[in-house]
Amino acid sequence: MSILKWTGRIVLALVIAAVAVGLWNREELARLWAVQTLFHEDRIVHNFSAMEDAFLTRPVPRGDGPVSELPAGPSAEMPEGYGAWLAERSITSVVVLHRGALVYEDYYLGTAAEDRRISWSIAKSFLSALAGTLVADGTLDLDTQVTALVPSLVGTAYDGARVRDVLLMESGVTFNEDYLDQSSDINRMGRIIALGGGMDAFAASLTENDTAAGETWKYTSIDTHVLGMAMRAAAGQDIATLLSERIIAPLGLEEAPYYLTDGAQTAFVLGGLNLRSRDYARFGQMILQGGTWEGTRVVPADWIDASILPTAKTAPGRIGYGYQWWIPVGATPGDEVIGRGIYGQYLYLDRSAEVVIVVTAADRQFRADGAHDQTIAMLREITASLEADNGT
């Protein structure tokens, strides 16, 4: 038989094999395609409000209680420049609470109030609140070695790290967080989720360190997953169940949130939580009120106070970091704090002004010079205008 015929048969066999694999793994391939096109200009707005269409998910039950009221307050006027900021930062929703009342709410770029929007790293702040409840009842000790709770991490980059170190993102693990680099660790992790792989195994595959644990701060999202691993092990329950029982159910949300998950149905705790914008505001208001909601203690007040202080070893004069919360440059420690996610997601709290602002966006230029500062400036302007309108 000629080489040409052999080559033709080999090519045909490869095509048949590729088609067979494609049919067999259709869902995995669809999820991989979703990851690759998630941030495309013509898809990003829809994708961020419909993540359940592309990824494995699991619900976070809201409980059986009634929806908690967000009482209407005097309508707030937005500052000059608000419209330009909306357009430049591709904002999809803004919800503003002042003194517990809803004073402004709007939705943009074809989105709606009923959309459950991806939090990205605002999810980390929810996990922080949950960790506080576990510490308070003695289930979790921040000074425990993570390997004592999660033996699968023995011999990995997390050997020697305490729960406190991963909470503060001071594990010292080598991890590339560049979302714009397709070969980065964070993007490799995304492809693992898309193909139904396991996040726990991915964490256990990391073996290199930049520094010893507890020495320096570096924003490393996989630390939050390891924090979740430690919490699951300590409590003997999965994070979705724990979050539902301890944080979500007491808040009386409008609709049950959901997590993106890996192939083992493990919640993507570092960025996969999806809620309505008003429900993000309810969570923020609970934090603003020192951990109480409608007269019920949800999170210990001392945990919240500790969480929002810039205790991590960030560079002097730069943005601060606490227990999975950010502290903006120029903020009064313990007063102004943000949950922050890629592509322009913000949960902004000003405790002295009693202001909560939720911002969701599909900002493909979120890493541009000045983008973050522009949003913080706008949120502070909104806060200042509310104080001025109320004579404070």
Side-chain angles (χ1 to χ4, degrees), residues 60 118-135 140 142 144 146-147 149-150 152-153 156-158 161-179 184-190 192-193 198-206 210 213-214 216-235 238-240 242-243 246-247 257 259-262 264 266-274 283 299 303 306-308 311-314 319-327 337-342 345 347:
V60 182
I118 184 69
S119 61
W120 296 121
S121 288
I122 294 176
K124 294 178 171 74
S125 300
F126 281 77
L127 193 70
S128 171
L130 178 59
T133 70
L134 297 177
V135 169
L140 186 68
L142 296 187
T144 300
V146 294
T147 51
L149 293 168
V150 189
S152 63
L153 294 177
T156 73
Y158 286 96
R162 303 166 299 169
V163 174
R164 186 185 307 276
D165 297 323
V166 293
L167 178 66
L168 287 168
M169 293 201 176
E170 294 179 350
S171 68
V173 65
T174 301
F175 191 82
N176 181 351
E177 187 94 2
D178 186 353
Y179 296 91
S184 68
D185 294 308
I186 197 74
N187 283 320
R188 286 197 304 115
M189 186 176 68
I192 286 171
I193 293 172
M199 286 286 295
D200 289 358
F202 177 78
S205 73
L206 301 174
D210 293 329
T216 59
W217 177 87
K218 178 185 175 185
Y219 189 77
T220 306
S221 284
I222 195 64
D223 279 2
T224 307
H225 180 78
V226 172
L227 173 63
M229 292 174 74
M231 292 166 63
R232 282 187 273 133
D238 62 84
I239 296 297
L242 287 166
L243 190 72
R246 293 175 177 243
I247 304 295
Y259 268 119
L260 308 185
T261 76
D262 66 11
T266 299
F268 187 52
V269 297
L270 62 89
L273 194 58
N274 296 257
F283 172 76
V299 181
W303 177 265
S307 297
I308 63 177
T311 49
K313 299 178 182 69
T314 57
I319 191 168
Y321 201 72
Y323 294 171
Q324 311 278 300
W325 288 93
W326 294 92
I327 296 84
V337 66
I338 55 174
R340 181 184 176 191
I342 57 170
Q345 323 314 312
L347 176 58

S.K.: For the residue pair Ala312 and Glu170, what are the closest heavy atoms and their distance?
M.R.: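 Scanning both residues completely, I find the closest heavy atoms to be CA-OE2, 3.4 Å.
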S.K.: When rounded to the nearest 0.5 angstrom, what distance separates CG in Leu243 from CG in Asp238?
M.R.: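 Answer for the CG-CG pair, Leu243 versus Asp238, is 10.0 Å.
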S.K.: Over all heavy atoms of both residues, which pair between Met229 and Ala203 is shortest? Give the atoms and the distance, please.
M.R.: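 That would be SD-CB, 4.1 Å.
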S.K.: With side-chain contact (heavy atoms from CB on, under 4.5 Å) as the criterion, how do Tyr158 and Val150 come out once you've worked through the C-alpha distance, each side chain's angles and the decisive distance to 0.1 Å?
M.R.: CA-CA 10 Å; Tyr158 286 96; Val150 189; over 6 Å; no
S.K.: Heavy-atom distance under 4.5 Å between the side chains of Ser152 and Asp200, does that happen here?
M.R.: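 Ser152 does not reach Asp200 side chain to side chain.
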S.K.: Supply the atom-to-atom distance Thr216 OG1 to Leu168 CG, rounded to the nearest 0.5 angstrom.
M.R.: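 These two atoms lie 12.0 Å from each other.
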S.K.: Please give me the minimum heavy-atom distance between Ile239 and Val269, naming the atom from each residue.
M.R.: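 Minimum heavy-atom contact is CG2-CG1, 3.6 Å.
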S.K.: Show your reasoning for whether side-chain contact (heavy atoms from CB on, under 4.5 Å) applies to Ile118 and Leu260.
M.R.: CA-CA 9 Å; Ile118 184 69; Leu260 308 185; 4.2 Å; yes
S.K.: Give a yes or no on whether the backbone of Phe175 and the side-chain of Lys218 come within a donor-acceptor separation of less than 3.5 Å.
M.R.: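 Yes; judged by distance alone, with no hydrogens or angles, the pair exists.
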S.K.: Ser221 and Ile186: side-chain contact (heavy atoms from CB on, under 4.5 Å), yes or no, with the steps?
M.R.: CA-CA 8 Å; Ser221 284; Ile186 197 74; 3.9 Å; yes
S.K.: Gly198 and Ile192: which non-hydrogen atoms are nearest, and at how many Å?
M.R.: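 Scanning both residues completely, I find the closest heavy atoms to be N-CG2, 3.9 Å.
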S.K.: Is it true that a side-chain atom of Ser171 and a backbone atom of Ala161 form a donor plus acceptor pair closer than 3.5 Å?
M.R.: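 A pair under 3.5 Å: no.
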S.K.: To the nearest 0.5 Å, tell me how far Arg246 CZ sits from Thr133 OG1.
M.R.: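 Going from the CZ atom of Arg246 to the OG1 atom of Thr133 covers 4.0 Å.
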S.K.: Check Leu206, Asp185, Leu227, Val166 against Ile222 for a side-chain contact (heavy atoms from CB on, under 4.5 Å) and give me the one that passes.
M.R.: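 Among Leu206, Asp185, Leu227, Val166, the one that satisfies the side-chain contact (heavy atoms from CB on, under 4.5 Å) with Ile222 is Leu206.
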S.K.: Would you compute the distance between atom CG of Leu140 and atom CZ of Arg232 and round it to the nearest 0.5 angstrom?
M.R.: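 Atom-to-atom, Leu140:CG and Arg232:CZ are 13.0 Å apart.
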S.K.: Check Trp303 against Ser128 and note the closest heavy-atom contact, atom names and distance.
M.R.: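 Distance-wise, the nearest heavy atoms are NE1-O, 2.9 Å.
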S.K.: When you measure from the side chain of Thr147 to the backbone N and O of Leu153, does any donor-acceptor pair fall under 3.5 Å?
M.R.: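 Looks like no, no N/O pair under 3.5 Å.
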S.K.: Test Val135 against Val163 for side-chain contact (heavy atoms from CB on, under 4.5 Å), laying out the working first.
M.R.: CA-CA 11 Å; Val135 169; Val163 174; over 6 Å; no
S.K.: Test your reading of the model: is there a side-chain donor-acceptor pair from Lys313 to the backbone of Gly214, 3.5 Å cut-off?
M.R.: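 It does hold such a pair.
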S.K.: Output the distance between atom CD (Gln324) and atom OG (Ser121), rounded to the nearest 0.5 Å.
M.R.: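 Separation between the atoms: 8.5 Å.
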S.K.: Do Thr224 and Met169 come close enough that some side-chain heavy atom pair is under 4.5 Å?
M.R.: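 Of all side-chain heavy-atom pairs linking Met169 with Thr224, at least one is under 4.5 Å.
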S.K.: Between Tyr323 and Leu142, is any pair of side-chain heavy atoms under 4.5 Å apart?
M.R.: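 They are in contact (side-chain heavy atoms under 4.5 Å apart), so the answer is yes.
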S.K.: Indicate the atoms forming the closest heavy-atom contact of Thr156 with Ala204, along with that distance.
M.R.: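 That closest heavy-atom pairing would be CG2-O, 3.2 Å.
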S.K.: Say you draw a straight line from CH2 of Trp326 to CD1 of Ile308; how long is it, rounded to the nearest 0.5 Å?
M.R.: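 Separation between the atoms: 16.0 Å.
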S.K.: Between Ser119 (side chain) and Leu273 (backbone), is there a donor-acceptor pair under 3.5 Å?
M.R.: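 Answer holds: yes.
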S.K.: Is any side-chain heavy atom of Phe126 closer than 4.5 Å to one of Leu130?
M.R.: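 In short, these two side chains do not touch, never coming nearer than 4.5 Å.
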S.K.: Looking only at side chains, do Asp210 and Thr174 share a donor and an acceptor under 3.5 Å apart?
M.R.: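 Yes, because at least one side-chain N or O of Asp210 sits under 3.5 Å from a partner of the opposite role on Thr174.
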S.K.: For the residue pair Trp217 and Tyr321, categorise the inter-ring angle as parallel (less than 30°), tilted (30 to 60°) or perpendicular (more than 60°).
M.R.: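 Rings of Trp217 and Tyr321: tilted, 30 to 60°.
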S.K.: Check whether any side-chain heavy atom of Thr261 sits under 4.5 Å from a side-chain heavy atom of Thr266, and report yes or no.
M.R.: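 Counting from C-beta outward, Thr261 and Thr266 never come under 4.5 Å.
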S.K.: Do Asn187 and Asp178 come close enough that some side-chain heavy atom pair is under 4.5 Å?
M.R.: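 No - every pair of side-chain heavy atoms lies 4.5 Å or more apart.
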